[in-house]
Amino acid sequence: MPAQNVLNDLVIADLTSVIFGPYCTQTLADMGARVIKVEPESGDQIRFVGTQAGNSKGMGPCHLTLNRGKESVVWGLKTEAGRAALEKLVARSDVFIHNIRQDAIERAGLTFDAVKAIKPDIVYVHCVGFGSDGPYAGRPAYDDLIQGLSGATSLLPRVDGDERPRFLPTAIADKVSGLHAVYATLAALRKRDQSGEAVFVEVPMFEAVTHFLLQEHFDGATYDPPSGAIGMQRQLAPARQPLKTSDGWIVIAPYMEGKWLDLFEVFNAAHELDNPKLSTRALRYENMDLLFERLQHYLRTDSTANWLAAFAKADIPAAPVNDLSDLQADPHLKDSGFFQRRDHPSEGGYWEMQPPVRFGNVSTAEIRPAPHIGEHTERVLAELGLGPEHD
């Protein structure tokens with residue numbers, strides 16, 4: 001697994017936990033940054049999430065994914081020795097990142113001003129649930145809460161008519177917010193390099209996820225007065241789903257105007273577009289249920305493989321529908337080496353995903369496997385000039 005060494009001159013003091021912050025710092029570690037994860041003696045709770053049969057305590061699958069490439073130190077930050085070690089680390093770091101609530105970080109004496117006093121050009125990143133200028137500031141936040149507040153749980157009901165709000169079955173709020181934290185950190189580092197001064201960054205989950213969802217779903221409510229309802233019709237159309245073939249499921253995306261004619265010609269059914277309800281792009285959008293009903297009529301008559309071959313010949317975008325369990329056998333991911341089998345020093349064989357972003361003309365190095373709790377405490381203390389009594 002290669003790390004893209006575009007950030008190999010950076011040191012990050014990482015006090016984040018669970019998914020939001022660790023996904024940010026894992027992404028930075030994949031790009032070569034040295035990330036030193038400061039954990040309590042019990043470890044980050046994400047270590048204990050997921051199927052762990054046969055694994056060492058605290059080495060669960062989510063930890064192996066989210067904390068690869070990092071170093072783990074255990075310091076009691078309420079102790080004099082632990083605090084001294086953290087301050088030494090901060091003095092050598094480019095970034096200090098945490099997801100500790102504001103009242104707790106104030107009690108710990110690790111506010112922006114306090115950390116800036118230790119390292120005058122630090123980039124200080126605070127991963128929070130809610131922006132500090134609103135009435136929700138300081139509240140605890142989890143993926144479930146943010147999905148509910150942001151409207152994410154209203155999307156499936158709009159599609160299928162089942163009025164029960166439902167979670168999207170992925171930690172979308174944590175991961176979207178983590179990616180916002182990545183670009184915010186990089187932008188702050190650029191500003192720091194230009195000014196030579198410390199930069200404070202706040203990354204709020206609620207605002208980040210709402211911003212993400214409303215890029216298309218603001219729709220008619222974008223205008224004042226509104227030109228239509230909030231929620232993009234195309235994304236919420238019940239019929240716009242994977243379609244059944246004779247032996248499986250397929251997705252078709254003939255969204256360029258001429259591709260609809262090409263598609264129905266593959267079906268030997270160009271006459272379908274003579275229908276007064278389907279004859280123009282606007283009408284097809286308005287009558288999407290009918291359009292997808294006609295697509296389904298033809299797709300059931302042949303296999304997924306045959307349709308994919310016919311669509312490829314006609315240059316119509318289409319793909320099979322993968323189950324999660326199909327991904328490791330997907331020919332593109334397999335041939336591109338996206339999944340790499342590795343051997344963990346204590347956990348044995350495991351699969352690791354390659355970083356999805358590639359850089360040209362950049363040196364690479366192997367990403368280290370996820371660490372045990374406190375695995376690097378002694379070594380990092382030695383680098384900081386502190387003895388084992390600080391352990």
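- Sorted by first then second residue, the salt bridge (Lys or Arg N to Asp or Glu O under 4.0 Å) pairs that include residues 279-289, not counting sequence neighbours, are Glu257-Arg284.
- With hydrogens and angles disregarded, a donor-acceptor distance shorter than 3.5 Å links the side chain of Gln147 to the backbone of Leu168.
- Panel note: side chain Asp193, backbone Arg190; no donor-acceptor pair is recorded below 3.5 Å.
- In terms of heavy atoms, Ser72 sits closest to Pro371 at CB-CG, 3.7 Å.
- A donor-acceptor pair is defined here as one N or O able to donate and one able to accept, closer than 3.5 Å; no such pair exists between the side chain of Lys277 and the backbone of Leu273.
- A pairwise comparison of heavy atoms in Ile373 and Glu39 identifies CA-OE2, 4.3 Å as the closest pair.
- Put simply, the side chain of Ser177 never gets that close to the backbone of Asp174: no donor and acceptor are under 3.5 Å apart.
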Evaluation steps, side chain to side chain contact (heavy atoms under 4.5 Å, CB included), between Leu110 and Arg83: CA-CA 10 Å; Leu110 291 171; Arg83 181 53 178 257; 3.8 Å; yes

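- Proximity of a side-chain donor or acceptor of Arg101 to a complementary backbone N or O of Ala137 within less than 3.5 Å is not detected.
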Could you walk me through whether Arg166 and Asp160 pass the side chain to side chain contact (heavy atoms under 4.5 Å, CB included) test, one step at a time? CA-CA 11 Å; Arg166 275 158 287 153; Asp160 62 19; 2.8 Å; yes

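- A pairwise comparison of heavy atoms in Ala141 and Leu145 identifies CA-CD1, 4.1 Å as the closest pair.
- Cluster annotation: Leu186 is not connected to Tyr23 through the hydrophobic network of ILVMFWY side chains, with a link wherever side-chain heavy atoms come within less than 4.5 Å.
- Between Lys119 and Asp121, at least one side-chain N (NZ, or NE/NH1/NH2) sits under 4.0 Å from a carboxylate O, which counts as a salt bridge.
- A donor-acceptor pair under 3.5 Å is formed between the side chain of Glu207 and the backbone N or O of Gly131.
- The distance from the CG atom of Leu64 to the CZ atom of Arg47 is 9.5 Å, given to the nearest 0.5 Å.
- A donor atom on one side chain and an acceptor atom on the other are not found under 3.5 Å apart for Thr364 and Gln4.
- Distance alone, capped at 3.5 Å, places no donor-acceptor pair between the Glu272 side chain and the Leu278 backbone.
- The cationic group of Arg294 does not satisfy the cation-pi geometry with Phe264, failing either the under 6.0 Å distance to the six-membered ring centre or the 45° limit from the ring axis.
- At distances below 3.5 Å, at least one donor-acceptor pair connects side-chain atoms of Asp44 with backbone N or O atoms of Val18.
- No side-chain donor-acceptor contact under 3.5 Å links Thr301 to the backbone of His297.
- Inter-residue side-chain proximity for Leu243 and Tyr298 is flagged as unmet; no heavy-atom pair is nearer than 4.5 Å.
- Considering all non-hydrogen atoms of both residues, Val90 and Phe96 come closest at CG2-CD1, 3.8 Å.
- Atom CZ of Phe48 is surrounded by more than 12 heavy atoms from other residues, nucleotides or ligands within 6.0 Å.
- Between the side chains of Thr245 and Asp247, at least one donor N or O lies within less than 3.5 Å of an accepting N or O.
- Annotation: Phe339, atom CZ; neighbour count of heavy atoms from other residues, nucleotides and ligands within 6.0 Å is above 12.
- The residues Glu383 and Arg92 are annotated as not salt-bridged, no charged nitrogen and carboxylate oxygen being separated by less than 4.0 angstrom.
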Run the side chain to side chain contact (heavy atoms under 4.5 Å, CB included) test on Val203 and Val128 for me, step by step, so that the C-alpha distance in whole Å, both residues' side-chain angles and the decisive distance to 0.1 Å come before the verdict. CA-CA 6 Å; Val203 186; Val128 299; over 6 Å; no

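- Closest non-hydrogen pair, Val38 versus Leu86, comes out as CG2-CD1, 4.3 Å.
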Under the side chain to side chain donor-acceptor pair (under 3.5 Å) criterion, do Ser56 and Glu347 qualify, and how do the steps go? CA-CA 7 Å; Ser56 304; Glu347 306 310 299; 2.7 Å; yes

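- Salt-bridge annotation for Arg379 and Glu71: present, with a side-chain N of the basic residue lying under 4.0 Å from a carboxylate O of the acidic one.
- Each of Thr222, Leu236, Thr210 was scored for a side-chain contact (heavy atoms from CB on, under 4.5 Å) with His217, with one residue passing: Leu236.
- In terms of modelled atom types and a separation under 3.5 Å, the side chain of Gln340 and the main chain of Gly337 share a donor-acceptor contact.
- Checked against the 6.0 Å centroid threshold, Phe267 and Trp307 count as a close aromatic pair.
- Counting only residues at least two apart or in different chains, salt bridge (Lys or Arg N to Asp or Glu O under 4.0 Å) contacts with residues 295-320 comprise Lys259-Asp315.
- A salt bridge is defined here as a Lys NZ or Arg NE, NH1 or NH2 lying under 4.0 Å from an Asp or Glu carboxylate O, and Lys175 with Asp143 fails to meet this definition.
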Would you check, one step at a time, whether the test side chain to side chain contact (heavy atoms under 4.5 Å, CB included) holds for Val199 with Phe112? CA-CA 9 Å; Val199 180; Phe112 173 58; over 6 Å; no

Audit row: Gln102, Ser132, side chain to side chain donor-acceptor pair (under 3.5 Å) steps and yes/no: CA-CA 9 Å; Gln102 185 62 34; Ser132 58; over 6 Å; no

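- Residues Val321 and Pro242 form a side-chain contact, since some pair of their non-hydrogen atoms from C-beta on lies under 4.5 Å apart.
- Between Glu366 and Arg342 there is a salt bridge, since at least one side-chain N of the basic residue sits less than 4.0 Å from a carboxylate O of the acidic one.
- The aromatic ring centroids of Tyr124 and His98 lie less than 6.0 Å from each other.
- Contact between Ala114 and Gly109 at its shortest, heavy atoms only, is CB-O, 3.3 Å.
- A single hydrophobic cluster is seen to contain both Val182 and Phe359, as judged by linkage of ILVMFWY side chains at heavy-atom distances under 4.5 Å, directly or through other members.
- Atom OH of Tyr223 has 12 or fewer heavy atoms from other residues, nucleotides or ligands within 6.0 Å.
- Connection of Val357 to Val362 is established within a shared hydrophobic cluster, with ILVMFWY side chains joined at heavy-atom distances below 4.5 Å, either directly or through further cluster members.
- Note on Ile367 and Val35: separate hydrophobic clusters, where clusters join Ile, Leu, Val, Met, Phe, Trp and Tyr whose side-chain heavy atoms are under 4.5 Å apart, directly or indirectly.
- More than 12 heavy atoms of other residues, nucleotides or ligands lie within 6.0 Å of CD in Gln194, so this atom counts as buried by the packing criterion.
- Other residues, nucleotides and ligands place no more than 12 heavy atoms under 6.0 Å from the CD atom of Glu41.
- Look at Arg234 and Asp219 and you find no salt bridge, because none of the NZ, NE, NH1 or NH2 atoms lies under 4.0 Å from a carboxylate O.
- Shown here is His271, whose NE2 atom has more than 12 heavy atoms of other residues, nucleotides or ligands within 6.0 Å.
- Transitive grouping of hydrophobic side chains (ILVMFWY, heavy atoms separated by less than 4.5 Å) brings Leu10 and Val123 into a common cluster.
- Other residues, nucleotides and ligands contribute over 12 non-hydrogen atoms within 6.0 Å of the NZ atom of Lys244.
- Looking at Gln241 and Val159, their side chains come closer than 4.5 Å, going by heavy atoms from C-beta outward.
- For Lys37 and Thr25, the side-chain atoms include no donor-acceptor pair closer than 3.5 Å.
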